[in-house]
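None of these values were measured; they are calculated from a predicted model. So that the names make sense, note that chain A is the first sequence line, chain B the second, and so on, each numbered from 1.
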4 protein chains.
Amino acid sequence: MNFASDNAAGAHPAVLDAIRAANEGAVASYGADRWSAELNEALAAWFGRRVFAFPVATGGAANALALSQIAPPWSAVFCHRESHINVDECGAPEFYTGGAKLVVLDGPAAKLAPATVRTALLDHPRGEVHRVQPGAVSITQMTECGTVYRPHEVGALAQIAAGAGIGLHMDGARLCNALVTLGCSPAEVTWKEGVSALSLGFTKNGAIAAEAVVFFDEAVADGFAFRRKRGGHLFSKMRFFSAQMLAMLKDDLWRDLAGAANAAASQLAAILTSSGCTLAFEVEGNEIFARLPRSVADELRKDGARFYPWGPETGDTPLYRFVCSFATREHEISAFRDRLHFQLRRS
Amino acid sequence: MNFASDNAAGAHPAVLDAIRAANEGAVASYGADRWSAELNEALAAWFGRRVFAFPVATGGAANALALSQIAPPWSAVFCHRESHINVDECGAPEFYTGGAKLVVLDGPAAKLAPATVRTALLDHPRGEVHRVQPGAVSITQMTECGTVYRPHEVGALAQIAAGAGIGLHMDGARLCNALVTLGCSPAEVTWKEGVSALSLGFTKNGAIAAEAVVFFDEAVADGFAFRRKRGGHLFSKMRFFSAQMLAMLKDDLWRDLAGAANAAASQLAAILTSSGCTLAFEVEGNEIFARLPRSVADELRKDGARFYPWGPETGDTPLYRFVCSFATREHEISAFRDRLHFQLRRS
Amino acid sequence: MNFASDNAAGAHPAVLDAIRAANEGAVASYGADRWSAELNEALAAWFGRRVFAFPVATGGAANALALSQIAPPWSAVFCHRESHINVDECGAPEFYTGGAKLVVLDGPAAKLAPATVRTALLDHPRGEVHRVQPGAVSITQMTECGTVYRPHEVGALAQIAAGAGIGLHMDGARLCNALVTLGCSPAEVTWKEGVSALSLGFTKNGAIAAEAVVFFDEAVADGFAFRRKRGGHLFSKMRFFSAQMLAMLKDDLWRDLAGAANAAASQLAAILTSSGCTLAFEVEGNEIFARLPRSVADELRKDGARFYPWGPETGDTPLYRFVCSFATREHEISAFRDRLHFQLRRS
Amino acid sequence: MNFASDNAAGAHPAVLDAIRAANEGAVASYGADRWSAELNEALAAWFGRRVFAFPVATGGAANALALSQIAPPWSAVFCHRESHINVDECGAPEFYTGGAKLVVLDGPAAKLAPATVRTALLDHPRGEVHRVQPGAVSITQMTECGTVYRPHEVGALAQIAAGAGIGLHMDGARLCNALVTLGCSPAEVTWKEGVSALSLGFTKNGAIAAEAVVFFDEAVADGFAFRRKRGGHLFSKMRFFSAQMLAMLKDDLWRDLAGAANAAASQLAAILTSSGCTLAFEVEGNEIFARLPRSVADELRKDGARFYPWGPETGDTPLYRFVCSFATREHEISAFRDRLHFQLRRS
């Protein structure tokens, strides 16, 4: 009953098999290998166009490096207050950008609304030397509240960004989950809508470490290889990382795994709501945010369930986050259901 | 016949087995797992004392992060001209330290001599506000020229550093190879001789990515967790990286693998010298630097041998580097010998 | 009728005289001169204790350098949304700190309330590796809205900061104006209440460029000389900058000048309110924030009055900022009064 | 008898007069004033073309900011071992560039030879991801050894730089002294020979603080205003700094002052050589580097002469640096001559 994070899950066997299969003897290091070349092909197919992809060690690195490429040190990165880049990366974006300012915006369900971004841009007039300059808009797909931007929503933000002469970054640590929900192609919610830099994550979806910064325009990617290298993110034995991504892309494994995670979350959400718990946000992927009586949450955790409060654990019914993953098992869901029903009856 | 780099080698099967074995279902992420705890124990045993170890993605990251922890942004890091941190990391140390200056020193066989460091320190008087301040001394063990610092040599440099109030950093990307050559314990050539920060690398020795920054003093490590995190080097699924290190430490696998690499290099060196080639440096690990007629080198490469020139490939007999690894096979050595003899005869 | 900024004012003649008097022939550069030594004495007398003062070129540099000294790169600087460091320095604090995050808080009249800071600290738990760590609290005295922190208010914030193990920074670009209003000594509203780093500004109060970072504890100042130097803020001909500060301190010139500015602002405020204009904040120094009919503001500016809208100039009665300085003349005030009355009658 | 530094000199009266004349009442701050506009005109006339000039507080800031504009963080700045940017700025260039590496080159009399730069560039191949990339070549005019680059020498280096796709930076802290020696126009030794970024200094030549970064191409200057601002180098009361530069340019005051300094140095050099002292470098400006018996140097300093050893003060006849300035007086020279002769006779 581990609903703490999709990071808690292990790796999918196909990923481990791919690593083993890549262990073929001596090959060129630092990405000049066969798997890395294939990965470029596979990603081009996946996105329906040539892309410029750079594997890195973590999602945090992907976000920070991507932003450093498009936002100057003296600029503002407009992002949601709840965004991972703002809350959970210990200042990595500020470090990599050389001190760009994350301008924190509010909005329901961790989503940025066009009007909010427009207002924030007005507050950062271009050329005003005392003020940080427009640098980038950054969104998370799927968001930190488990919600999903529709393609037209991404497009609207990208247009506003473009109108200000800046790019749109997408933190796609859970892009696969969003894609399953949207039922659209990767292209339809990224470059076709104007995303300029994407952090593409497969780690939460079943790899051991498979994250990449993806650009869609060669000019935007110019010089990025040096940024990655000096961040210490150019793996010497790159094949073992490229191979993980290849495994996720092969036969749409990513879709099966994200689909399984989303389906598990739907089940869990149904159990929670039918048990009288309120959900704070619509469940559009593999995360559920539910209010539970604190005493019940305590008992469930004593019973072995793993999940975190979302925000301060105060009041009678704090908000809790439940995350499912590709590895969530039927019996975990049903065990949780049983314990939940039991504890609710007792309370 | 791949002697290009020990990075070109794949992974040892035991490392892959360990990764698979760690794929046990949901566990806590970001290092709060069983394997990471075990790694701390195993490293304590290996070093004969409690250590503070932080796995990161690459050796470059380990070096840059380690230096950033001990050398202030306005300081000088004294290092050899040939050192990896100076030549091969695209400025990662400068990036992570916030702009420390690598003060480049010369010395035979890529080793720093005490007198050289002493002179350099004299040139950076403490308190002189116009000059970068003493920050750290950094050495590579085994060096970029395949040579090895004896424990007393490490100690002499550490004492000089300590006398200047700064620490000694060791880039141990090939520490295992040095240990085999020295026949000493890890302790005897690191903390017992005054090393304050160690980049400990197992990747070149058979892992897929197993590098860590190791401190020997809790105070020196203070706050380092935040540096690693904001560098994007805190793996979420840490167990798969801790497990690799554990595999290398278990039953002294590291020693077998480094021993094999060193032995292969000895064989290769013997072949080269008995064929009339001059070695530029003593072979004290898994690297050989030999002068070959350029035409012979060209032919060997056409025959499929992989190795790089060391420095500009000019003159009649340029210098070439040959690197063996745990995976170098007997038949590669003998094939190389045959081709070498053939080409030398022809030339 | 220039109420645009106290930066628009020139210099007080005594400051220029002091510069001229310091032009005495050759003296040691970089602060090893007689004036700089005297400045240390004068500041010690002013603060009633030994201080560690470092002149720099601008108030923005003072703020950014001061913060970089007390807040680590991976930390949060808690400040008001309207604060100069957040709004008007083009990211200088982020640059100098190496990427610290300005956590922006709200509060009436540009003042931070203790409860607000306490809540923000709860949101940044110490040791939580994913979150930037508590770094500093920064307040402006007098604030960007022309209001003044009482000594006990400063003390309350300093205590909260100290409770979190961090320091309190005060942006004192208009400290003199606040001191006049408070009628207290510099000590009583700075170090006696727990301020650890002060940006002390005399430029707005009549110098040409006289700003300094002041620490009250030698340990806190450790290494700061290097930070200043590498920021390019160590003047070679320091005497000409120390002499300006000395002139401001001599015979309490600072008090006369700030007193004149504050008095002018009081007069202007009385004129505005008696003319029916609403003030947005209490006038506690040399700044007034008043709502004027937009048409009237337009006409006044056509008449030659200089002042800026505060926030977007929208609606019928936008908010405008009026700043007086030591150099504001009686006739400017009366001319403004006449034009205001005339335009209000017309409108 | 102060030959310690031209920084030790005070200011020329005309500069102080100009500051006073600029104290005219309220004007727009941050450079939107009449003097700053005039400065742009005056510099355009001086250089014979439109330039993009940005006053900053110090020469160190000018150098570091100029380099940060043309050299990426992952690049190499090729400079002389003795250069001010390498030796005397406490790492300011590394700080402002975000960690660029100063690649230190040797060459007689602190001058870079074309061949040396060419070789260094070969060692930093473009596109090689492990190596810092070519970023800029930086030279000092007049050099730290008092020597002067001829226009064709500047041009040769600029061409090599351009061939590598990078710019040439000139540290012109003593450009005026060089111009007097060369008898050429500012244009002839800067932009006409391919200099892309110039640190233009008037402080050593008689201002209190008058330094600027000058670009000759608008595209190269793009965004620089933000760099300056976030470095804390945008003066609020800019007129007082622009006015200093204007004073130096007016009626070629700069030439008179630098000419006086150079002439004084010539006299001093003649005295030293005729007294049997050896000069280490040709005297081409206001600096002399002479070998003196240490005992004589000691006695001279006891007699009140101010000058510094150049390098370690060891051996019988260490090297000493003597700097003259616009303010060096006839009687200082003759007093020094008398004391020198006296001490030499005694020794």
Step through the shown structure and confirm whether more than 12 heavy atoms of other residues, nucleotides or ligands are within 6.0 Å of CD on C/Glu128.
yes
Applying a strict 4.5 Å limit to non-hydrogen atoms, the region of A/Asn86 in contact with chain C is both
Interface check, chain A: of C/Asp88, C/Val104, C/Leu122, most non-hydrogen pairs under 4.5 Å belong to C/Asp88
Closest non-hydrogen atoms of A/Lys101 and C/Leu102, given as atom of the first, atom of the second and distance, are NZ-CD2, 3.7 Å
Of all heavy-atom pairs linking C/Arg131 and A/Val87, the shortest is NE-O, 2.8 Å
d(A/Cys90 SG, C/Gln133 CD) to nearest 0.5 Å is 6.0 Å
